[in-house]
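Values reported hereafter were calculated over all heavy atoms of this structure, with side chains retained and with hydrogens, waters and symmetry mates removed.
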There are 2 protein chains.
Amino acid sequence: MPESHSGESLLYLTDEQLRQGIEAMYFAYRGFTADPDRILATMAYGRAHHRAIHFIKRAPGTTVTNLLEILGVTKQSLNRVLRTLIEDGLVESRVGPSDRRERNLFLTEAGEALENRLSDAQRVRMRSAYRDAGPEAVSGFRKVLEAMMDGEMKRRYASLRENGS
Amino acid sequence: MPESHSGESLLYLTDEQLRQGIEAMYFAYRGFTADPDRILATMAYGRAHHRAIHFIKRAPGTTVTNLLEILGVTKQSLNRVLRTLIEDGLVESRVGPSDRRERNLFLTEAGEALENRLSDAQRVRMRSAYRDAGPEAVSGFRKVLEAMMDGEMKRRYASLRENGS
DNA sequence: TTGGAGTGTCAACAAAGCTGACTTATTGTG
DNA sequence: CACAATAAGTCAGCTTTGTTGACACTCCAA
């Protein structure tokens, strides 16, 4: 893949082409969230619950403060979501073993089960989009997305990649 | 950490790789909306106003029903937003020339000005992401996004592309 | 022992979505 | 013409998810 002429053809990107990219991003994001949203709507949960569950699954034992930073919401907002998840037995909050002010968050079996349903639905769509677009498109997709993140988000995203995989 | 995922390696897309795509989409979308959000926060507007302005700019003279379909929200929800935009003199609502039940929506000069500020901000980020990622990445990005849309969204997206460009 | 960090919670509020039930024009059709 | 259907707008009320601000409690570290 020659990167050499990268600048040139980009110089001719019109506002109209950029606008189409913006609209593609908007419509695609709606597709991206549609499947989990449908599942969540059948229970008393919303997208905020999904996000919490997702990142607890991703980094089991994470603290509340850490989750707060990843999600970028206020403590009060997250706490409302977290509280219902704990009450419903989807999330377990354990007192931190070294620092007992901290709470380490884990998914229970029921929590894992819901997380699976949700991310399965999302992965099915993602996988099919990847298949339709082809392997080279996928790496381009990822490159543009990463370039589109704020510096702070990029940091968070990268730190998750270190843990995972 | 092998970075190169091109070619036949797609057949072996792991759940973990898909999960990274999901997270990239999540963080990127936040970057995508961050700049307009910052501008909107300084006035009494939110993302819903931005979307209305965006699509009126895109399809001047559009009817309320058409906008409703593109945005996929209820009449009541859109109306609340539209009403403030009309009151504030950013949007003009003209009685339809052929069918007087319809209202054709247009941006006023002030509306155009705000639209420009918002989409400039968004385009700057988009352009810089495109430049960072390179031209080939851009076409891949667009391919995956289109494949990720729901059928209905894809239709709406395509119909906008016909008009524009 | 005291300051500050991590957590949880109360109250109040706002944005933006929703449902359901209407009204008012206007248009097209039988 | 009469009437049903369509486009738009509105009222009331509810939900989710975000926000501030204030405060309490626990615990770590200097």
Asks: Tell me the interatomic distance from L68(A), atom CG, to dT17(D), atom P, rounded to whole angstroms.
Replies: 16 Å

Asks: Under 4.0 Å between a side-chain N/O of N79(B) and OP1 or OP2 of dT10(D), yes or no?
Replies: yes

Asks: Restricting to ring-ring contact (aromatic ring centres under 6.0 Å, His included), what partner residues turn up for Y157(B), sequence neighbours left out?
Replies: none

Asks: Got a sec, which residues hit side chain to side chain contact (heavy atoms under 4.5 Å, CB included) with N66(B), two or more places apart in sequence or on another chain?
Replies: T62(B), T63(B), E69(B), I70(B)

Asks: How would you list, by chain and number, every residue that makes a side-chain hydrogen bond (donor to acceptor under 3.5 Å, both in side chains) with N79(B), sequence neighbours excluded?
Replies: none

Asks: Pick out which of D37(B), D35(B), D132(B) makes a salt bridge (charged side-chain N to carboxylate O under 4.0 Å, His left out) with R125(B).
Replies: D35(B)

Asks: Can you run down the salt bridge (charged side-chain N to carboxylate O under 4.0 Å, His left out) pairs that involve residues 80-90 of chain A, sequence neighbours left out, and say none if there aren't any?
Replies: none

Asks: In this structure, how many angstroms lie between the P atom of dT15(D) and the CG atom of D37(A), rounded?
Replies: 18 Å

Asks: Among residues at least two apart in sequence or on other chains, which ones pass side-chain hydrogen bond (donor to acceptor under 3.5 Å, both in side chains) with E115(A)?
Replies: S119(A), R19(B)

Asks: Suppose we screen for ring-ring contact (aromatic ring centres under 6.0 Å, His included). Which residues come up paired with H50(B), at least two apart in sequence or across chains?
Replies: none

Asks: Find the distance L71(B):CG to dA8(D):P and express it as a whole number of Å.
Replies: 13 Å

Asks: What pairs with E112(A) under side-chain hydrogen bond (donor to acceptor under 3.5 Å, both in side chains), at least two apart in sequence or on another chain?
Replies: K57(A)

Asks: Between P on dG6(C) and CG on L67(A), what's the gap in Å once rounded to a whole number?
Replies: 14 Å

Asks: At under 4.0 Å between heavy atoms, how does the protein contact nucleotides 13-22 of chain C? Give one character per nucleotide, 5' to 3', with B, S or -.
Replies: ---BBBBBB-

Asks: Does any residue of residues 96-105 of chain B have a heavy atom under 4.0 Å from DNA chain D, and if so, which ones, in number order?
Replies: R101(B), E102(B), R103(B)

